[in-house]
Protein chains: 2
Amino acid sequence: MKNQALILLDTVERLGNLLRVGLRQAGVAQGLQPIHLQALLYLNEANRYSNTPQALAEYLGLTKGTVSQSLLLLARRRLIARHADDKDGRVVRLTLTDKGKEVLKELGLTNAWRDALQSASPARLSSATKVLKEALATLQARNGYRSFGVCVTCRHNLHIGPRSYVCGLTKEKLSSREVSKICREHSPVEENAA
Amino acid sequence: MKNQALILLDTVERLGNLLRVGLRQAGVAQGLQPIHLQALLYLNEANRYSNTPQALAEYLGLTKGTVSQSLLLLARRRLIARHADDKDGRVVRLTLTDKGKEVLKELGLTNAWRDALQSASPARLSSATKVLKEALATLQARNGYRSFGVCVTCRHNLHIGPRSYVCGLTKEKLSSREVSKICREHSPVEENAA
DNA sequence: GAATAAAGTTTCGACACGATACGTTTCGTG
DNA sequence: CACGAAACGTATCGTGTCGAAACTTTATTC
């Protein structure tokens, strides 16, 4: 009999594969590869500290050279725009163009998934999520990967008033909209200190 | 606030990515791509109805032409062997060579995962597994994909005696070892008929 | 100001991937 | 049996991923 953890691994791997195949199929119409859609999805959620080629490379687990190629293609298709940073001349800011946002909207990537889970109770969903998030955090920590969570769950985030936030790392004010975006510097609050 | 199902989707996607990056990294030493390792893993678990290029292509969600290329590389490296089928001259049987099995063993792909889940209780694990398996089955059914489960969970499998099984589809006897392998013709038993 | 580091780009070679065309074998129907 | 359709597999081509390494530009550090 197989270990319970390994069965879960099998299932997650199989689901990951399926989602990837779905991404590939979804991108066919636009002539986009899975990695392109992942990049667009990331940039759509990345906050102002995290919308750079380097951050994207870390998020995807690829080298910056590889990512640079994919970004070239996305820029050629006018799905993203590149701007030089005001302060630091080395960094490039990446933003979705209207066309890029449009593409994401039209894909409707989450519909099938939502349907597939509609019969599961919220309690079971959140329980499953908790297990997987723990696994994810552990794997990321072990490999020295960043967690790329949203500011709301970050220990640097300070809630200084109603709808008023400050990032303890950069000392900058963040809007309530911004704190629900993905950050490269995210560090999860430790719920249960080991 | 985000839908609970979408949070789970995010987590699964992120985990899938991480596992894929892990596969890539694991294969570097052998000069193998993620898809190569996935192929080896599949062939290591495939039963005698399912060890063909076509079945592998369906499993991976790729075209047969693409898979043919990857198999060419694996055969060149002596990780798999190809044999013509006795009965049907069109089909090719794929088996791992000793070297191929060796490679899989040395990789130790599951260790990190096992560690990452060691703190989770078996009950939580099996609950999470159940949710994800349902989602997986739904997504596969909706897209017309095969489930690629093991015979034990297949409605064609008949338990005719102690350690004695017959596949209702092929009418062939299956060993107790074989019924825990992956089958292309797998069709899950319907626990809750809709 | 020189050394060093960091962000990005470019180039190269190997390979994935789909599409298409092709060859072989099997099956079905008259 | 002959013929065509279908299934399995291979080969080829074009586009693009991917890592490695060299390189440019801008910041930082001493």
Side-chain angles (χ1 to χ4, degrees), chain A residues 17 20-40 46 49-77 79-94 184-185, chain B residues 17 20-40 49-77 79-94 146 184-185:
Chain A
N17 244 309
R20 187 181 174 79
V21 170
L23 268 192
R24 181 177 298 281
Q25 207 167 23
V28 165
Q30 310 279 345
L32 296 174
Q33 305 270 338
I35 199 71
H36 299 147
L37 297 182
Q38 288 183 293
L40 293 180
Y49 307 131
S50 314
N51 57 351
T52 70
Q54 180 63 36
L56 178 58
E58 290 172 3
Y59 179 81
L60 297 173
L62 304 175
T63 64
K64 55 186 182 170
T66 294
V67 169
S68 188
Q69 290 309 304
S70 298
L71 290 174
L72 212 61
L73 182 149
L74 290 174
R76 226 184 300 143
R77 305 260 176 101
L79 299 176
I80 63 171
R82 318 157 81 133
H83 300 291
D85 186 272
D86 297 337
K87 308 280 171 54
D88 190 330
R90 293 172 302 181
V91 332
V92 171
R93 296 290 163 191
L94 303 168
R184 179 188 179 187
E185 304 294 346
Chain B
N17 246 310
R20 187 179 175 79
V21 170
L23 267 193
R24 183 176 296 283
Q25 207 166 22
V28 165
Q30 310 279 346
L32 295 175
Q33 306 271 336
I35 199 72
H36 299 147
L37 297 182
Q38 289 185 290
L40 293 180
Y49 306 131
S50 315
N51 56 352
T52 70
Q54 180 63 36
L56 178 58
E58 289 172 4
Y59 179 81
L60 297 173
L62 304 175
T63 63
K64 55 184 182 171
T66 295
V67 169
S68 186
Q69 291 309 302
S70 298
L71 290 175
L72 212 61
L73 182 148
L74 290 175
R76 228 184 299 143
R77 306 262 175 97
L79 298 176
I80 63 171
R82 317 157 83 133
H83 299 291
D85 186 272
D86 296 336
K87 310 280 172 54
D88 190 331
R90 293 172 303 182
V91 332
V92 171
R93 296 288 163 192
L94 304 168
R146 298 175 187 271
R184 181 188 179 187
E185 304 293 347

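Throughout, protein chains are lettered first and strands after them, A, B, ... in sequence-line order, and every chain is numbered starting at 1. None of the values given here were measured: they were computed from a predicted structure.
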Fill in: Worked verdict on A/Arg20 versus B/Arg20 for side chain to side chain contact (heavy atoms under 4.5 Å, CB included)
CA-CA 10 Å; A/Arg20 187 181 174 79; B/Arg20 187 179 175 79; 3.4 Å; yes
Worksheet item: Nearest to the side chain of A/Gln54 - C/dA7, D/dT10, D/dG16?
Response: C/dA7
Worksheet entry | Separation of atom CG in B/Leu37 from atom C1' in C/dA16, rounded to whole Å | 14 Å
Response to the item:
When rounded to whole Å, the CG to P distance for the pair B/Leu71 and C/dA16 reads 10 Å
Worksheet, complete the sentence: Residues at least two apart in sequence or cross-chain that pass side chain to side chain donor-acceptor pair (under 3.5 Å) with B/Tyr59, listed by chain then number, are none
Worksheet item: Could you give the CZ-to-C1' distance, from A/Arg76 to C/dT9, as a whole number of Å?
Response: 14 Å
Worksheet item: Base, sugar-phosphate, or nothing: which does A/Arg93 touch, judged by heavy atoms less than 4.0 Å apart?
Response: nothing
Discussion item. So for the helix from C/dG1-D/dC30 to C/dG30-D/dC1, with five pairs setting each end axis, what is the inter-axis angle to 10°?
Written reply: 20°
Discussion item. Nearest whole Å is fine: how far is D/dC18 C1' from A/Leu56 CG?
Written reply: 14 Å
Practice prompt. Under 4.0 Å between any heavy atoms, over every strand shown, what does A/Leu73 touch: base, sugar-phosphate, or nothing? Just pick one.
Written response: sugar-phosphate
Worksheet item: Under a 4.0 Å N-O cut-off, is there an ion pair linking A/Lys64 with A/Glu58?
Response: no
Response to the item:
Given protein heavy atoms under 4.0 Å, the one-letter contact record of nucleotides 18-26 of chain C, with B base, S sugar-phosphate only and - none, is simply B------BS
